[in-house]
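See structure below.
No hydrogens, no waters, no symmetry mates; every other heavy atom, side chains included, goes into these values. Quick note: residue numbers are just sequence positions, from 1.
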Amino acid sequence: MRGMVTACVMMLGVTAGGVNADTVNVRIDPAMQATVGKQVSGRLLLFYITQKGREFDRRLPMDAPNFEHPQPMAGADVREAAVDSVMVIDGKCKAFPSSIDDLDGEVRVQAFLDMDQKERSFEEGVGNLFSDVLTVTVKKGVEDQYELVLSRAIPEMKRRTDNPHVKWVSMKSELLSAFCGHDVSMKAGVALPKHYGEKDWPRKQWPAMYVIPGFGGREESAWTYGEWADSK
């Protein structure tokens with residue numbers, strides 16, 4: 001290891017309130033290092049699930065946020081950290097609803113390194129790294145320490161192309177690209193009616209329906225409409 005990257009200002013052993021501080025070490029699996037380069041930058045996140053029951057047992061911690069029953073999380077910015085270093089999150093890092101030092105009991109925790117700057121959801125950012133789920137028992141007032149290994153990456157999503165009624169469109173936005181400092185593309189999926197474009201088909205006009213998804217929606221939803229058109 002080249003050393004330890006402190007994601008937050010740490011006071012190992014004791015916090016400002018005199019309570020032993022929790023420390024979570026996060027490192028990148030050597031098998032993943034070849035794909036991310038020599039340094040990494042992004043947002044290092046810890047997601048926890050503290051409750052049990054059907055609603056929670058079937059979820060991964062990184063499926064957060066759970067809007068009905070928000071679960072604890074913590075995070076810190078990582079800037080140009082050596083890929084073989086240890087990244088640290090402790091009780092002084094920004095967290096919800098309070099410091100990770102306040103966690104008490106059995107928890108399920110997962111680490112996530114969000115390096116993508118293009119996708120709205122961190123779970124869709126190609127190349128973002130995440131760990132397996134770790135179940136650990138922590139105690140408030142005790143210096144809990146544990147480690148998470150970023151051993152998995154978000155894969156590139158391959159668009160389906162086997163339906164002729166769905167076309168994919170992508171165009172560079174000059175305004176957004178200039179504002180963000182990197183290329184930003186506007187994407188859309190176009191679902192075409194059955195028989196569209198057939199020279200011998202008597203009908204040459206079809207009604208248009210525009211679906212603009214929000215709150216995490218993507219252009220891939222056009223595939224559903226393309227399958228619907230194909231069945232009519």
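For the pair Val169 and Val190, the minimum side-chain heavy-atom distance is below 4.5 Å. Two residues are said to be in side-chain contact when any heavy atoms from C-beta on lie closer than 4.5 Å; Leu148 and Val109 meet this criterion. No side-chain heavy atom of Ile100 sits under 4.5 Å from any side-chain heavy atom of Pro72. Between Leu44 and Ile89 there is a side-chain heavy-atom pair separated by less than 4.5 Å. Side-chain contact check for Gln110 versus Ile49: every heavy-atom pair is 4.5 Å or farther apart. Between Met115 and Leu129, the closest side-chain pair of non-hydrogen atoms falls below 4.5 Å. Between Met87 and Ile28, some side-chain heavy-atom pair lies under the 4.5 Å cut-off. Two residues are said to be in side-chain contact when any heavy atoms from C-beta on lie closer than 4.5 Å; Asp104 and Asp102 fail this criterion.
In this structure, the separation between NZ on Lys187 and OG on Ser173 is 13.0 Å, given to the nearest 0.5 Å. Atom CG of Leu113 is separated from atom CE of Met32 by 10.5 Å, given to the nearest 0.5 angstrom. To the nearest 0.5 Å, atom CD of residue Glu80 and atom CD of residue Gln39 are 5.0 Å apart. Considering CZ of Phe47 and CZ of Phe96, their distance stands at 12.5 Å, rounded to 0.5 Å. Going from atom CG of Asp63 over to atom CZ of Arg58 covers 11.0 Å, rounded to the nearest 0.5 Å. The NZ atom of Lys139 sits 15.5 Å away from atom CG of Asp101, with the distance rounded to the nearest 0.5 Å.
Ring geometry, Phe112 versus Phe130: the interplanar angle falls under 30°, so the pair is classed parallel (tilted spans 30 to 60°).
Met171 and Leu175 fall into different hydrophobic clusters, where Ile, Leu, Val, Met, Phe, Trp and Tyr residues are linked whenever their side-chain heavy atoms come under 4.5 Å apart, directly or through other members. With hydrophobic clusters built from ILVMFWY side chains whose heavy atoms lie under 4.5 angstrom apart, Leu46 does not share a cluster with Met73. Clustering ILVMFWY residues whenever any of their side-chain heavy atoms sit less than 4.5 angstrom apart, transitively, puts Tyr48 in the very cluster that holds Val26. Grouping the Ile, Leu, Val, Met, Phe, Trp and Tyr side chains by contacts below 4.5 angstrom, directly or via other members, places Leu150 apart from Val126.
Of all heavy-atom pairs between Arg27 and Pro30, the closest is NH1-CD, 4.1 Å. In terms of heavy-atom proximity, Phe56 sits nearest to Arg108 at O-NH1, 3.2 Å. The two residues Glu68 and Glu55 have their closest heavy-atom pair at CB-OE2, 4.2 Å.
Side-chain contact of Thr50 with Gln71: a donor-acceptor pair under 3.5 Å is present, judged by distance alone. Asp114 and Asn128 share a donor-acceptor pair across their side chains, judged by distance under 3.5 Å alone.
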### Task
Check step by step if salt bridge (charged side-chain N to carboxylate O under 4.0 Å, His left out) holds for Asp57 and Arg59.
CA-CA 6 Å; Asp57 294 344; Arg59 290 177 178 266; over 6 Å; no
### Task
List the steps, then state whether salt bridge (charged side-chain N to carboxylate O under 4.0 Å, His left out) holds for Asp132 with Arg152.
CA-CA 8 Å; Asp132 289 329; Arg152 302 177 183 273; 2.5 Å; yes
### Task
Under the side-chain contact (heavy atoms from CB on, under 4.5 Å) rule, what do Val184 and Ser177 come out as? Steps first, then yes or no, please.
CA-CA 5 Å; Val184 177; Ser177 297; 4.0 Å; yes
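The main-chain N or O of Lys92 is never found under 3.5 Å from a side-chain atom of Ser99 such that the two would form a donor-acceptor pair. In this structure a side-chain-to-backbone donor-acceptor pair under 3.5 Å is missing from Asp144 to Asp22.
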